[in-house]
Amino acid sequence: MTAALNIFIPLLTAHLLTDFVLQSDRSVRNKRNPLYFLLHILIAGLTSYLLLGQFLNWMIPVAVLFSHAVIDLLKLSLSPRWLSELTAFTIDQITHLASIFAIAYYATPHLDPQTPWWISADHPSLYLKALLLIAGFIASTSMASIIIKKILPHMLHSDSLLTPKQNGLPQGGHYIGYLERTLLFTFVMAGQLPAAGFLVAAKSIFRFNDIKGDQQEKSEYILVGTLLSFTTGILCSIAFQQLWTLLP
């Protein structure tokens with residue numbers, strides 16, 4: 001097992017939990033409030049500390065806490081005045097990922113293999129695989145949903161006023177996207193690529209009836225949204241599948 005993965009995978013899972021599960025919409029809206037910001041940073045450090053399992057090694061969670069705080073402060077200072085929401089979000093997540101990788105790389109020589117609570121198990125890689133599945137599902141659903149919402153208006157050169165009105169179930173498209181990307185992630189991780197292809201084909205057939213007629217804006221919105229959902233779902237699945245292959 002690559003030693004750096006013992007640190008990288010728990011920290012990656014902790015980051016995704018912090019930013020996309022444990023951070024509510026209210027916290028995002030009030031991110032400039034010092035109390036909300038401090039709570040978010042503390043959650044980042046605490047989840048890293050707990051998932052890493054290095055209970056006698058507090059330097060790694062502190063490094064995560066500090067780097068997370070610096071990156072988020074830079075994002076708040078640059079967006080939306082200097083950077084668009086999409087650009088700021090992209091740079092923010094790439095920088096978080098790079099900082100986690102750097103922390104894992106430089107902390108590996110100082111890792112005590114007897115400290116993590118999960119290392120004494122007969123199959124220690126099972127813990128890392130479980131975390132990887134959790135991280136993959138979060139990335140394929142919650143994170144991908146935010147990415148799509150930020151990309152779609154830019155690609156269509158439109159705003160929320162031009163978004164087709166929802167005539168079906170409230171948040172129906174949102175939950176459909178979650179489910180389809182969850183299925184894509186499951187199929188790719190299970191090595192069932194034909195099933196993933198069948199899902200893409202089936203969704204395309206169902207969407208065909210929605211793009212008939214002369215409503216060009218609505219048709220573009222549906223097509224681009226569907227393709228973005230599949231693209232983000234497939235890319236996330238492939239990325240985590242590659243990490244999975246590095247584990248014994």
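Index from 1, following the sequence. Keep in mind it's a predicted model, so treat the numbers as computed, not measured.
With contacts defined as side-chain heavy-atom distances shorter than 4.5 Å, the pair Leu17/Leu51 qualifies. Counting only heavy atoms from C-beta outward, the side chains of Arg181 and Ile148 approach each other to under 4.5 Å. Ile147 is listed as a side-chain neighbour of Met143, based on a closest heavy-atom distance under 4.5 Å. Side-chain contact between Leu247 and Ile9 is present, with at least one heavy-atom pair separated by less than 4.5 Å. Looking only at side-chain heavy atoms (C-beta outward), Tyr49 and Val64 stay at 4.5 Å or farther from each other. Leu128 places a side-chain heavy atom less than 4.5 Å from the side chain of Pro10. Inter-residue side-chain proximity for Leu12 and Phe240 is flagged as met; some heavy-atom pair is nearer than 4.5 Å.
The line from CG of Leu39 to CD of Gln23 is 9.5 Å long, rounded to the nearest 0.5 Å. The distance from atom CD1 of Ile60 to atom CG of Leu52, rounded to the nearest 0.5 Å, is 5.0 Å. Once rounded to the nearest 0.5 Å, the distance linking NZ of Lys150 with OG of Ser84 reads 9.0 Å. The OG atom of Ser99 sits 12.0 Å away from atom CD1 of Ile94, with the distance rounded to the nearest 0.5 Å. Residue Ile103 holds its CD1 atom at 6.5 Å from CG of Leu11, rounded to the nearest 0.5 Å. Rounding to the nearest 0.5 Å gives a distance of 4.5 Å between CG of Asp19 and NE2 of His40.
Arg26 and Tyr36 form a side-chain donor-acceptor contact under 3.5 Å, judged by distance and modelled atom types alone.
When the side chains of ILVMFWY residues are joined at heavy-atom separations under 4.5 Å, either directly or via intervening members, Phe101 and Phe66 end up in two distinct hydrophobic clusters. Both Leu228 and Phe89 are part of a single hydrophobic cluster, where members link through side-chain heavy atoms under 4.5 Å apart. When the side chains of ILVMFWY residues are joined at heavy-atom separations under 4.5 Å, either directly or via intervening members, Leu133 and Ile138 end up in a single hydrophobic cluster. Under the 4.5 Å side-chain contact rule for hydrophobic residues, Leu22 and Ile100 share a cluster.
Side-chain atoms of Ser79 never come within 3.5 Å of backbone atoms of Lys75 as a donor-acceptor pair (strictly under, hydrogens ignored). Side-chain atoms of Asp92 never come within 3.5 Å of backbone atoms of Ala88 as a donor-acceptor pair (strictly under, hydrogens ignored). Between the side chain of Ser140 and the main chain of Phe137, no donor-acceptor pair closer than 3.5 Å is present. In this structure, Ser145 contributes its side chain and Thr141 its backbone to no donor-acceptor pair below 3.5 Å. Between the Tyr105 side chain and the Phe8 main chain, no donor and acceptor come within less than 3.5 Å of each other.
Hydrophobic side-chain contacts under 4.5 Å tie Met59 into a cluster, directly or through other members, with Trp58, Val62. Through direct or indirect side-chain contacts shorter than 4.5 Å among Ile, Leu, Val, Met, Phe, Trp and Tyr, Leu76 is connected to Phe37, Leu38, Ile41, Leu42, Leu65, Leu73. Other members of the cluster containing Ile91 are Leu78, Trp82, Leu83, with ILVMFWY side chains joined at under 4.5 Å, either directly or via other members.
By the 30° and 60° cut-offs, the orientation of the rings of His68 relative to His15 is tilted.
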Quick one, Thr90 with Thr87, criterion side-chain hydrogen bond (donor to acceptor under 3.5 Å, both in side chains). Give me CA distance, side-chain angles, the key distance, then yes/no. CA-CA 5 Å; Thr90 303; Thr87 303; over 6 Å; no
Mind running side-chain contact (heavy atoms from CB on, under 4.5 Å) on Ile234 and Val188 for me, showing each step along the way? CA-CA 8 Å; Ile234 291 172; Val188 171; 5.6 Å; no
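Residues Ala44 and Ser48 come closest through the heavy atom pair O-OG, 2.8 Å. Contact record, Thr13 with Ala135: OG1-CB, 3.6 Å, taken as the closest heavy-atom pair.
Other residues, nucleotides and ligands place more than 12 heavy atoms under 6.0 Å from the CZ atom of Phe20.
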